Protein chains: 2
Amino acid sequence: MNNYTQMLRNHNLKATPQRLAIVDMLYMHGHMSIDALYEVMIKRFSSISLATIYKNINLMLENTFIQEVKLPNFKSVYELTKESHSHTMCEKCGKINDINLDLDAIVNTASTLKNFEITKADLVLSGVCKNCV
Amino acid sequence: MNNYTQMLRNHNLKATPQRLAIVDMLYMHGHMSIDALYEVMIKRFSSISLATIYKNINLMLENTFIQEVKLPNFKSVYELTKESHSHTMCEKCGKINDINLDLDAIVNTASTLKNFEITKADLVLSGVCKNCV
DNA sequence: GTTTAAAGGAGAAAAATTATCTATAATCTT
DNA sequence: AAGATTATAGATAATTTTTCTCCTTTAAAC
C-alpha cells in the first residue's frame, strides 16, 4: 500500500484510483486548476466525470488534504497541503511557485496594530519570472 | 459636477446614476461582493439588472477604477482603487479591513531569492477581530 | 467471498457570468 | 440649448461553472 493510499485513509477518504491519480497529479504539477486537472485526468480515465473532479476537490478541501490558492486575475489552483508558505505567480507564463518567507514580523505588527488574532496569512507575489523577462 | 463624475469620465466611463451609486456604495461600505452590491442597488433602482452590476464591475476593473480582493473561503469583494495595501478578514463576522503594512523587505527578499520581478503583493490576513473574540 | 458504505459516472439542475438586442440617457457639437 | 452621436441600462437568452440526483460499481471491513 503506497503513501497516498494511507494518507487518504487517514483523512477518512477511500483510496480510489481516480482519487489517487488526482493526488498524484497535484504532487507532480504542484499547482493545478480544475480545468487543467480534468484535462490530464481524462487521459487516464477516459470516462471520468467533471463532477468527480469537483466532488473530490471539495472533499479533500474539507479534509484539509489539499488547499485552494486564489490568484489575482486567474482561476484558483489547488495544491497538496504542506507547511505554511507563500506563492509567486508569473503574469506572463502563469507559472506558480511556492516560496518560504518569514511573515512573523508582519503578522505581529498587524496583530497589535489592529488588535486582531491572526490565524493565517495568504500572500501572492505577482510579477515576471526569470524565464519571461 | 461631483468628484466621482469627473473621476469616471477620466476613466472614459459615462457617469450614469447607476454607476455613481455603485461607486458611492463602494466608498461607503469599503468592500462589497457582487451580491451585497446588488442587494443595496436594487433598493435605489428597483429595476436594475444584475447584468448591469456585472458589466460595470468588469468595466471599472479594466479601467483600474476599482479592484478585486480575493478571499480564502469567501466570495471576492471589490473596492475603490487606492494606495497599495493589505487586508484583514475576520472569519467570524466576515468584516474586511484595509491595513497598511510595509512589505518592502519581504518583497525584496523574495525577488532576489527567486530572481523574480515583483510588481504586486496581495496579502490577506485571516483571523478573529477584536469584536468577535 | 459477502456485506455495506462510499464513490463514480451520466446527465439534470442550479448558480454564476456573459452576450445580444433595443430603447434611452449621457455627452459632444455647434 | 437642441440635435446628433455614442455608450449604457434593462430584459432576456446563452454560456459557463458548479452542484445535485440517481443508479451502478467498487473499496474496505468482516
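Protein chains get the first letters and strands the later ones, always in sequence-line order, with residue 1 at the start of each. Values below: all heavy atoms of this structure, side chains included; hydrogens, waters and symmetry mates excluded. Computed from a predicted structure; not experimentally measured.
- What separates CG of A:L50 from P of C:dA14 is a distance of 18 Å, to the nearest Å.
- The residues B:K82 and B:D98 are annotated as salt-bridged, a charged nitrogen and a carboxylate oxygen being separated by less than 4.0 angstrom.
- Summarising the geometry, the separation between CG on A:N10 and C1' on D:dA28 is reported as 15 Å, rounded to the nearest angstrom.
- Contact annotation: A:Q18 does not reach the phosphate of D:dT26 (side-chain N/O to OP1 or OP2, under 4.0 Å).
- Residue contacts for B:S47: at a heavy-atom cut-off of 4.0 Å it reaches the sugar-phosphate backbone alone, with no base atom in range.
- One atom, CG of B:L59, and another, P of D:dA9, lie 8 Å apart when rounded to the nearest Å.
- Side-chain nitrogen and oxygen atoms of B:N56 include none within less than 4.0 Å of the OP1 or OP2 phosphate oxygen of D:dT8.
- One atom, CG of B:L8, and another, C1' of D:dT8, lie 13 Å apart when rounded to the nearest Å.
- An angle of 50°, rounded to 10°, separates the two end axes of the helix from C:dG1-D:dC30 to C:dT30-D:dA1, each defined over five pairs.
- In the interface, the side chain of B:K55 is not paired with the base of D:dT8 through any donor and acceptor atom under 3.5 Å apart.
- Nucleic acid contact for A:A15: sugar-phosphate only, since backbone atoms but no base atoms lie under 4.0 Å from a heavy atom of the residue.
- Side-chain proximity of B:R9 to C:dA7, C:dT27, D:dT18: nearest is C:dT27.
- Map B:A51 and A:S49 each onto its nearest nucleotide of DNA chain C; the residue landing nearer the 5' end is A:S49.
- Between B:K70 and B:D122 there is no salt bridge, since none of the side-chain N atoms of the basic residue sits less than 4.0 Å from a carboxylate O of the acidic one.
- In this structure, the OH atom of A:Y54 is 3 Å from the P atom of D:dT18, given to the nearest Å.
- Counting all heavy atoms, side chain and backbone alike, B:S49 lies closest to B:Y38 at C-CE1, 4.2 Å.
- Within the structure, every side-chain polar atom (N or O) of A:N12 is placed at least 4.0 Å from both OP1 and OP2 of C:dA6.
- Tracing side-chain contacts under 4.5 Å through hydrophobic residues (I, L, V, M, F, W, Y), one never reaches B:V69 starting from B:L125; they form parts of separate clusters.
- Side-chain proximity of B:T52 to D:dG10, C:dA6, D:dT17: nearest is D:dG10.
- When the C1' atom of D:dT26 is taken as reference, atom CG of A:L20 falls 13 Å away, rounded to whole Å.
- Within the nucleic acid shown, B:I48 comes within 4.0 Å of sugar-phosphate atoms alone, with no base atom in reach, counting heavy atoms only.
- A pairwise comparison of heavy atoms in A:R19 and A:K14 identifies NH1-O, 3.0 Å as the closest pair.
- Other residues, nucleotides and ligands contribute only 12 or fewer heavy atoms inside 6.0 Å of the OH atom of A:Y27.
- Nucleotides of DNA chain D nearest to B:F45 and A:L13 differ in position, and the one nearer the 5' end is that of B:F45.
- Rounding to whole angstrom units, CD1 of residue B:I34 and C1' of C:dA16 are separated by 10 Å.
- One atom, CD1 of B:I57, and another, P of D:dT8, lie 14 Å apart when rounded to the nearest Å.
- Between D:dT8 and B:T16, no contact under 4.0 Å exists linking OP1 or OP2 to a side-chain N or O.
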Worksheet item: Would B:Y78 and B:L37 count as a side chain to side chain contact (heavy atoms under 4.5 Å, CB included) if you check the C-alpha gap in whole Å, the side-chain angles of each, and the deciding distance to 0.1 Å?
Response: CA-CA 9 Å; B:Y78 301 87; B:L37 199 46; 5.9 Å; no
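- The minimum heavy-atom distance between A:M60 and A:V23, with the atom names listed, is CE-CG2, 4.0 Å.
- When the nucleotides C:dA16, C:dA7, D:dT8 are ranked by their closest atom to the side chain of A:R19, C:dA7 comes out on top.
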